[in-house]
Amino acid sequence: MRRDVFEPFERDVELVGGYQYTQSTKKSSVMSNRRFSDLIIELAELDGKRVVDVGCGDGTYTRVMRDETRASQIVGIDPAAKAIELARQRHGGDGERLEFRVGFAST
């Protein structure tokens, strides 16, 4: 995978301590992130399912899916190793219901 695709996200982790769009406490960012999470939860029937969050970044939305659904397992993957490290630090990962891995998906 081309490094220039995920390098800006690695820099966000280094400079901001996460992704700028998930770390902002500005009301517009908080509301937008909440709407995004609500939409995913509403449209996807996750109860009892194994879920892969491709491009999970710093794990913010992955954690919301774990906390607010009854998915049996959620695995977040992202090519940005620093983001995955941060996701593990912030949101844990018990290896059973929540896990974060470095990786990418392509067709």
Side-chain angles (χ1 to χ4, degrees):
M1 165 166 254
R2 293 183 10 216
R3 186 151 180 81
D4 63 317
V5 172
F6 61 89
E7 183 61 35
F9 296 97
E10 294 278 50
R11 276 195 304 275
D12 268 3
V13 172
E14 291 175 354
L15 299 173
V16 182
Y19 286 2
Q20 290 188 36
Y21 59 90
T22 61
Q23 300 307 302
S24 176
T25 58
K26 291 182 179 181
K27 187 171 184 172
S28 60
S29 293
V30 172
M31 290 175 67
S32 177
N33 286 330
R34 184 69 252 175
R35 278 195 306 262
F36 183 70
S37 295
D38 289 345
L39 184 64
I40 291 170
I41 292 168
E42 181 182 331
L43 294 177
E45 296 180 20
L46 302 180
D47 290 0
K49 294 185 179 170
R50 296 171 66 201
V51 177
V52 177
D53 182 3
V54 177
C56 71
D58 64 10
T60 298
Y61 302 116
T62 317
R63 178 190 48 86
V64 169
M65 283 190 281
R66 180 204 57 198
D67 292 349
E68 298 182 20
T69 73
R70 290 187 297 238
S72 64
Q73 181 184 31
I74 302 172
V75 177
I77 65 169
D78 199 281
K82 291 177 183 175
I84 291 297
E85 182 180 324
L86 181 63
R88 289 174 179 154
Q89 290 172 5
R90 285 200 178 146
H91 311 297
D94 57 15
E96 292 179 23
R97 185 143 187 267
L98 180 65
E99 185 176 347
F100 294 101
R101 298 180 190 172
V102 176
F104 64 95
S106 65
T107 57

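Residues in residues 27-83 take part in these ring pair (Phe, Tyr, Trp, His ring centres under 6.0 Å) pairs, two or more places apart or across chains: F36-Y61. Each side chain to side chain donor-acceptor pair (under 3.5 Å) pair with one or both residues in residues 39-48, not counting sequence neighbours, appears once here: D47-R70.
Each of D78, I74, V51 was checked for a side-chain contact (heavy atoms from CB on, under 4.5 Å) with T62, and the lone residue meeting it is I74.
Annotation: the span from E68 atom CD to I41 atom CD1 amounts to 4.5 Å, rounded to 0.5 Å. With rounding to the nearest 0.5 Å, the separation of CZ in R66 from CD in E99 is 13.0 Å. Atom CG in L46 sits 7.0 Å away from atom CE in M65 (nearest 0.5 Å).
Atom CZ of R34 has more than 12 neighbouring heavy atoms from other residues, nucleotides or ligands inside a 6.0 Å radius.
Note on L86 and V54: separate hydrophobic clusters, where clusters join Ile, Leu, Val, Met, Phe, Trp and Tyr whose side-chain heavy atoms are under 4.5 Å apart, directly or indirectly.
I84 has its side chain within reach of C56: a pair of non-hydrogen atoms, C-beta onward, lies under 4.5 Å apart.
At least one donor-acceptor pair closer than 3.5 Å links the side chain of R88 to the backbone N or O of F100. Side-chain N or O atoms of H91 include one that pairs as donor or acceptor with a backbone N or O of D58 at under 3.5 Å.
Using modelled atom types and a 3.5 Å distance limit, the side chains of Q73 and R97 yield no donor-acceptor pair.
Hydrophobic cluster of L43: the remaining members, joined at side-chain heavy-atom separations below 4.5 Å, are L39, listed by chain and number.
Of all non-hydrogen atoms in S72 and R50, the two that sit nearest each other are OG-CG, 3.5 Å.
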Start with the C-alpha distance between N33 and V64, add both sets of side-chain angles, then the distance that settles side-chain contact (heavy atoms from CB on, under 4.5 Å), and finish with yes or no.
CA-CA 10 Å; N33 286 330; V64 169; over 6 Å; no
